[in-house]
Amino acid sequence: MIHAHITAWFLALILFFVAISLHKSGKVKAFKIVQMILRVLYLLIIATGAGLLFTVYKIDVWYILKAVVGLWVIGIFEMLLGRIANNRKTSVFWIQFVVAWLLVLYLGFVKLPMSFLNP
Ligand code: HEM
């Protein structure tokens, strides 16, 4: 499950930047398709994240925070692509993007116990 979770968000991260570069080169249709694929990936990230939560014996505040920040990252993906598509200002969301990613990686890899290294 942890591998599926990591694969899903890693793929989403790559496709997110692919979508941005497609938009930059004016490929509107391809951008829309990648955006759709990304939405499916969001569901997979949430499903695998929830699956991991179900395996936890006692869910403490760090797990809740991890889930909330994970959802926040997904929200920022969606907001950024929506605003980029409409050529609107994105700076506030890029700041959130960096903060949320640092937090989610810290919580996932450092703070919380499960690891892809010991399945
Ligand atoms: C794009 C969004 C997300 C990112 C980048 C992300 C990232 C990560 C990372 C890096 C790990 C640690 C993997 C490891 O230690 O090998 C992890 C684990 C986990 N994630 Fe996510 N995640 C996201 C969304 C979510 C969501 C939405 C949920 C809940 C619904 C969730 C729940 C969990 C849980 C329960 C774990 C196991 C924590 C542990 O005990 O180490 N994640 N995630």
Side-chain angles (χ1 to χ4, degrees):
M1 187 67 87
I2 203 138
H3 288 98
H5 189 60
I6 295 176
T7 309
W9 62 250
F10 190 71
L11 220 85
L13 185 64
I14 293 170
L15 285 185
F16 172 73
F17 287 107
V18 168
I20 290 177
S21 76
L22 285 171
H23 182 262
K24 276 205 180 115
S25 44
K27 298 190 173 110
V28 179
K29 198 154 186 228
F31 172 84
K32 288 228 166 91
I33 292 169
V34 173
Q35 202 177 14
M36 287 300 175
I37 299 171
L38 268 170
R39 287 179 182 146
V40 176
L41 281 174
Y42 301 155
L43 294 180
L44 282 178
I45 296 169
I46 294 170
T48 51
L52 287 169
L53 276 180
F54 276 119
T55 67
V56 180
Y57 175 64
K58 194 173 179 300
I59 294 177
D60 61 13
V61 66
W62 296 107
Y63 276 105
I64 312 268
L65 201 64
K66 168 71 187 56
V68 169
V69 179
L71 291 173
W72 183 25
V73 169
I74 292 173
I76 298 166
F77 271 155
E78 189 60 19
M79 286 303 291
L80 272 171
L81 288 184
R83 292 180 84 91
I84 287 168
N86 296 320
N87 297 311
R88 291 171 68 190
K89 207 165 157 268
T90 52
S91 39
V92 177
F93 291 94
W94 279 115
I95 296 167
Q96 288 190 45
F97 183 84
V98 174
V99 174
W101 266 97
L102 288 176
L103 255 175
V104 89
L105 291 181
Y106 169 75
L107 289 169
F109 282 133
V110 183
K111 186 75 200 171
L112 290 167
M114 277 184 240
S115 167
F116 71 100
L117 295 173
N118 38 292

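Counting starts at 1 for both ligands and their atoms, in listed order. Hydrogens, waters and symmetry mates are skipped; everything else that's a heavy atom, side chains included, is used.
- Inclusion of Met114 in the set of residues having an N or O under 3.5 Å from an N or O of ligand 1 is warranted.
- Ligand 1 places these atoms under 4.0 Å from at least one heavy atom of Phe116: 14 (C), 16 (O).
- When hydrogens are left out, the protein atom nearest atom 36 (C) of ligand 1 is Leu52 CD1, 3.5 Å; that is the closest non-hydrogen contact.
- Ring pair Phe109/Phe116 is perpendicular by interplanar angle, where above 60° counts as perpendicular and below 30° as parallel.
- By the neighbour-count criterion of 12 heavy atoms within 6.0 Å, atom CZ of Phe17 is densely surrounded, having more than that number from other residues, nucleotides or ligands.
- Within the listing of ligand 1, atoms 14 (C), 15 (O), 16 (O) sit less than 4.0 angstrom from a heavy atom of Ser115.
- The cluster map of Ile, Leu, Val, Met, Phe, Trp and Tyr, joined by side-chain heavy atoms under 4.5 Å apart, puts Leu13 and Leu105 in the same cluster.
- Close contacts of ligand 1 with Ile6, meaning ligand atoms under 4.0 Å from a residue heavy atom, involve 13 (C), 16 (O).
- Closest to atom 7 (C) of ligand 1 among all protein heavy atoms lies Trp9 NE1, 3.0 Å.
- A donor-acceptor pair is defined here as one N or O able to donate and one able to accept, closer than 3.5 Å; such a pair exists between the side chain of Asp60 and the backbone of Trp62.
- Between the Ser115 side chain and the Leu117 main chain, a donor and an acceptor come within less than 3.5 Å of each other.
- When hydrogens are left out, the protein atom nearest atom 11 (C) of ligand 1 is Gly108 CA, 3.5 Å; that is the closest non-hydrogen contact.
- No donor-acceptor pair closer than 3.5 Å links the side chain of His5 to the backbone N or O of Leu52.
- The ligand atoms of ligand 1 that sit less than 4.0 angstrom from a heavy atom of Ile45 are 2 (C), 23 (C), 24 (C).
- The protein heavy atom nearest to atom 29 (C) of ligand 1 is Ala67 CB, 3.6 Å.
- Contacts of Leu53 with ligand 1, taken as heavy-atom pairs under 4.0 Å, involve both backbone and side chain.
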Q | Criterion side-chain contact (heavy atoms from CB on, under 4.5 Å) on Met114 and Val56, from CA distance to verdict | A | CA-CA 9 Å; Met114 277 184 240; Val56 180; 3.7 Å; yes
Q.
Assess the residue pair Met36 and Val40 against the criterion (side-chain contact (heavy atoms from CB on, under 4.5 Å)); give the C-alpha distance rounded to whole Å, side-chain angles, the decisive distance to 0.1 Å, and a yes or no.
A. CA-CA 7 Å; Met36 287 300 175; Val40 176; over 6 Å; no
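- Expressed to the nearest 0.5 Å, how far CZ of Phe10 lies from CG of Leu41 amounts to 12.5 Å.
- Of the protein's non-hydrogen atoms, Tyr63 OH, 2.7 Å is the one closest to atom 40 (O) of ligand 1.
- Heavy-atom contacts of Gly49 reach the following atoms of ligand 1: 28 (C), 29 (C), 30 (C), 31 (C), 32 (C), 35 (C) (cutoff under 4.0 Å).
- Distances below 4.0 Å separate heavy atoms of Trp101 from the following atoms of ligand 1: 5 (C).
- Taking atom 2 (C) of ligand 1 as the reference point, the nearest protein heavy-atom neighbour is Gly70 O, 3.5 Å.
- The protein heavy-atom contact nearest to atom 1 (C) of ligand 1 is Val73 CG1, 3.4 Å.
- Checking Lys66 against atom 21 (Fe) of ligand 1, an N/O/S atom falls under the 2.8 Å cut-off.
- With a heavy-atom cut-off of 4.0 Å, Leu117 does not touch ligand 1 at all.
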